[in-house]
Amino acid sequence: MKEHIIIEINKALKKLYESYNDINKINIEVNKTTDSSHGDLYTNIAMRLAKILKKNPMLIAKEIVNHLENIIDVEKIDIASPGYINFFITKSNKFQELNRIIKNNLIFDKVKNRKNIHVEYVSANPTGPLHIGHGRGMIVGDTTARFMSLIGHNVTRQYYVNDAGRQIDLLLISTILCHLGKKDHIFSDERDDSEGRLVTYKGSYVNDVSKLIKNNLENIDKEKVLSLLDNPIDELITYIKSIDSYLKIRKSLVNEIIENYIKKDLSSVNINFDSWFNESDLYESGLLKTVLKKIDDSNLSYTMDGALWFRNTSFGEDKDRVLIKSNGDMTYFATDIAYHVHKFENHDILINIWGADHHDYAVRLTNAMKALEYDVENRLQIHLVQFANLIMSGKSISMSTRSGDFYPIQDLVNEIGPDATKYFYLTKKKEQHLEFDVDLAIKKNKNNPIYYIQYAHARITKIINDLDNASVEKDNLDNLNTKNEIELIELINSFQNTMDKAINMIRPDIITNYLYKVAQTFHSYYAETKIIASSTKGEKVTLIKCVDKIIISGLEVLDIKPMDRM
RNA sequence: GCGUCUGUAGCUCAGUUGGAUAGAGCGUUAGCUUCCGAAGCUAAAGGUCAGAAGUUCGAAUCUUCUCAGGCGCUCCA
């Protein structure tokens, strides 16, 4: 409809102002009005032309309207100060959309070029259960992957498992402490840093994990470990790494964490990864070595103080970064570069969903991949998701897997259910810092907006079930005239555009807000109208069936199950 | 200090590539059940869109500066 009007305006402009050169450059905009008394669509073209033509915009608007030919499905055109041209669309045009939605399944604009898209999200260190600090990235990432899939791409969802870094050694040490009954032991250098942070893991789950890998831990020399407890922690780590079965023990540890905690946490909100990629594979496959050699060959790195450095400053960054530490260990930066080489070689487009604390790192990695001559502009997207600030008992709390002081995602899901959990995280833009009051979410679950939407569906379902189909006369949609009916029809008309926009922009919040609005209008309608008792129930039922279809489809896109009963 | 995200009602957040009178939920206040589910509906109160300047027919939206907050600036993970 918009396109149609734009074409007609263009024709009129050509007739009227052909002599002005700049006319062709002007982009004609036709948009939805915010107030239905202004019609359905409007254009600001007259105001934009005012400067070029040096004329009063009201006059220009009149000239344009006078030169417009009859446009199909436009029943009235108004001019409003200071120069708006407003179009009123016929009802029959709006009914077409209603009929289309009710007859067809939801169809998204499929992309022309189907791509292999790799989406990496969560990728939390496998050192314990997932907590609500991870929740937002989980849900946003999974939704992003689903959106890409809906518009026709071939999507791989991958969890990158950091199973080879220092944090795994620290977790291993922590399980050994449990195994030896020294759970609360703190190493002499543990609180030396300015933050006074813990380095070992103190959560209660660590004890359970130590039991799971008990057989492996028993191969470790207890006396040796005990003798090292009073030394700096690195001496113990060095010893552990020297044990023959070190890699085997480490692997079993990571495996138990993933199988017993992470996978269960993810499945509680119905998230299933297509693939799990281990950081350690980068070492084993030799890819890491190959990539480092390529970096060296391209003169992108240099050695200083016994460490290997990447030339980040060549790309406008403030300092160079270490790839290989002087003790021979790889930094995350090094393994991440290799991991991304692997992704670039196997996929067309890479999407990373990262926490906002990685924003600097995103620049660093993007520059590195660019230096390796990958087309980062077109093939790499890094989406930064802002942190959710969590409030419990009126106090802001920090999530720390290490201290064991965290609120597991499982607990939240058990309290409010997977759908409310998803809805909460999706209802705000990912760039927005958000406050999550845990007490409120649990206590007020009946006031949760998701139930409001679900309730609309439940009410419609009840009506449809109660309805004696034989009594429904053939409908005449022209009978839908009340304020709420008209508003519902407007919402129905904007459904397809809303979905397309939300999916293309990866903005699930647009869908949650839209569905809320639909539910709100329906509830208002429901309260004022007794549908089954109405003499025009045929058209009313058609209308609410369409509304129901929209709610079901919208929720489906967000992977939320509609509830027929509540 | 540098970088980055954010600042809209008491609280949590929307606000369409710059458009017409600033929008919801929660909370507060006042109402609504002989009738499809009250997990609902109706209404009221509540705003210096952080502040200032600029751009123009027109700014919550764009530019610059200032203020406030989150995050990042390890041979950390």
Minimum-distance nucleotide (side-chain atoms of Asp357(A) versus C71(B), A14(B), G19(B)):
C71(B)
Under 4.0 angstrom, heavy atoms only, what part of the nucleic acid is Thr427(A) near: base, sugar-phosphate, or nothing?
nothing
Taking O4'-C1'-N9-C4 for purines and O4'-C1'-N1-C2 for pyrimidines, is U29(B) syn (within 90° of 0) or anti?
anti
Phosphate oxygens OP1/OP2 of C75(B): is one of them under 4.0 Å from a side-chain N or O of Ser326(A)?
no
Is there, by distance only and without an angle test, a donor paired with an acceptor across the side chain of Ser524(A) and the base of C41(B) below 3.5 Å?
no
hbond_proxy Asn44(A) side chain to G19(B) base (donor-acceptor, 3.5 Å cutoff)
yes
Strictly below 4.0 Å: does Arg507(A) bring a side-chain N or O up to OP1 or OP2 of G15(B)?
yes
Does Lys517(A) make a side-chain N or O approach to OP1 or OP2 of G25(B) shorter than 4.0 Å?
no
Nearest of G19(B), C36(B), A39(B) to any side-chain atom of Ile463(A)?
C36(B)
Out of C76(B), A20(B), G19(B), whichever nucleotide has its closest atom nearest the side chain of Arg48(A)
G19(B)
Asp40(A) and salt bridge (charged side-chain N to carboxylate O under 4.0 Å, His left out): which partner among Lys32(A), Lys94(A), Lys2(A), Lys76(A)?
Lys94(A)
So, do Tyr42(A) and Phe87(A) have ring centers that fall under 6.0 Å from each other?
no
For Asp405(A) and Ser400(A), test the side chains for any donor-to-acceptor distance below 3.5 angstrom and give the result as yes or no.
no
Are Lys241(A) and Asp169(A) close enough for a salt bridge, meaning some N to O gap below 4.0 Å?
yes
Please report the distance separating the C1' of U61(B) from the corresponding atom of A14(B), rounded so that it comes out in whole Å.
14 Å
Pairing string, 5' to 3', for RNA chain B - Watson-Crick or wobble contacts under 3.5 Å, brackets [ ] where pairs cross, | to another strand
(((((((..((((.....[...)))).(((((.......))))).....(((((..]....))))))))))))....
Taking Tyr451(A)'s backbone N and O only, do any of them form a donor-acceptor pair with Gln454(A)'s side chain (distance below 3.5 Å, no angle check)?
no
Can you figure out which of C41(B), C57(B), C35(B) approaches the side chain of Ala527(A) most closely?
C41(B)
Around atom NZ of Lys202(A), are there more than 12 heavy atoms from other residues, nucleotides or ligands closer than 6.0 Å?
yes
Among G15(B), G37(B), C73(B), the one nearest any side-chain atom of Tyr526(A) is G37(B)
Provide the distance between the two P atoms, one in A60(B) and one in A52(B), to the nearest whole Å.
12 Å
Pair Asp548(A), Arg459(A) - check salt bridge (Lys or Arg N to Asp or Glu O under 4.0 Å), show working.
CA-CA 10 Å; Asp548(A) 197 33; Arg459(A) 278 178 149 179; over 6 Å; no
Under 3.5 Å, is there a donor-acceptor pair between the Glu317(A) and Asn367(A) side chains?
yes
Using the P atom in both, what is the distance from A24(B) to G58(B), to the nearest Å?
28 Å
Phosphate OP1/OP2 of A38(B): any Arg459(A) side-chain N/O under 4.0 Å
yes
Please report, rounded to the nearest Å, how far the C1' atom of C26(B) is from the OH atom of Tyr451(A).
17 Å
Rounded to whole angstrom, note down the C1' distance from C41(B) over to G47(B).
27 Å
is_close_aromatic(Tyr361(A), Trp354(A)), centroid dist under 6.0 Å
yes
Closest approach to the side chain of Tyr455(A), judged atom by atom: which nucleotide of A38(B), A14(B), A20(B) is it?
A38(B)
How long is the line joining CG of Asn389(A) and P of U12(B), in whole Å?
10 Å
Considering only A20(B), G40(B), U16(B), which nucleotide approaches the side chain of Ala80(A) most closely?
A20(B)
Protein N or O to nucleotides 4-7 of chain B N or O, pairs below 3.5 Å:
{"from": "C5(B)", "atom 1": "O2'", "to": "Gln386(A)", "atom 2": "NE2", "distance (Å)": "2.9"}
{"from": "C5(B)", "atom 1": "O2'", "to": "Glu431(A)", "atom 2": "O", "distance (Å)": "3.2"}
{"from": "C5(B)", "atom 1": "O2", "to": "His433(A)", "atom 2": "NE2", "distance (Å)": "3.1"}

Between atom NE2 in His383(A) and atom P in C71(B), what is the gap in whole Å?
23 Å
Please state how far atom CG in Asn125(A) lies from atom C1' in C76(B), giving the value in whole angstrom units.
11 Å
If you look at every strand shown and take non-hydrogen atoms under 4.0 Å, does Asn513(A) touch a base, only sugar-phosphate, or nothing?
sugar-phosphate
For atom OH of Tyr361(A) and atom P of G3(B), their distance in whole Å:
23 Å
For the side chain of Ser174(A) and the backbone of Thr200(A), is there at least one donor-acceptor N/O pair under 3.5 Å apart?
no
Let's test your reading of the model: under 3.5 Å, does the base of A20(B) pair with the side chain of Asn86(A) as donor and acceptor?
yes
Please confirm whether the ring centroid of Tyr455(A) lies under 6.0 Å from the ring centroid of His523(A).
yes
Walking RNA chain B from its 5' end, the first of Arg565(A) and Pro82(A) to be reached, judged by nearest nucleotide, is Pro82(A)
Value in whole Å for how far the P atom of G40(B) lies from NZ of Lys530(A):
15 Å
Can you tell me how far C1' in G27(B) sits from the matching atom in C73(B), rounded to whole Å?
41 Å
Row check, Tyr201(A) ring normal vs Arg402(A) NZ/CZ: under 6.0 Å, within 45°:
yes
Under 6.0 Å between the ring centres of Tyr159(A) and Phe277(A)?
no
Distance between the C1' atoms of C75(B) and C71(B), in whole angstroms?
23 Å
Do you see a donor-acceptor pair shorter than 3.5 Å between the side chains of His358(A) and Asn352(A)?
no
From the list A20(B), G15(B), C13(B), which nucleotide is the closest neighbour of the side chain of Leu434(A)?
C13(B)
Please check the phosphate of G37(B) (OP1 and OP2 only) for any side-chain N or O of Lys462(A) closer than 4.0 Å.
yes
Distance between P atoms of U34(B) and A44(B) (Å, rounded):
24 Å
At under 4.0 Å, does any side-chain N or O of Tyr452(A) touch on OP1 or OP2 of C41(B)?
yes
Whether Thr529(A) contacts C36(B) is assessed here as follows: a side-chain N or O lying under 4.0 Å from the phosphate OP1 or OP2. Is that the case?
no
Between A43(B) and U55(B), how far apart are the two P atoms, rounded to whole Å?
43 Å
Show, in sequence, the C-alpha distance, side-chain angles and deciding distance for Lys530(A) and Ser534(A), and conclude whether the side-chain hydrogen bond (donor to acceptor under 3.5 Å, both in side chains) test is met.
CA-CA 6 Å; Lys530(A) 294 294 169 225; Ser534(A) 164; over 6 Å; no
For Ile79(A) and A20(B), what is the distance between atoms CD1 and P respectively, to the nearest whole Å?
19 Å
Using atom names, set out every protein N or O paired with an N or O of nucleotides 22-24 of chain B below 3.5 Å, distance rounded to 0.1 Å.
{"from": "A24(B)", "atom 1": "O3'", "to": "Gln520(A)", "atom 2": "NE2", "distance (Å)": "3.1"}

Are Lys540(A) and C36(B) close enough that a side-chain N or O sits under 4.0 Å from OP1 or OP2?
no
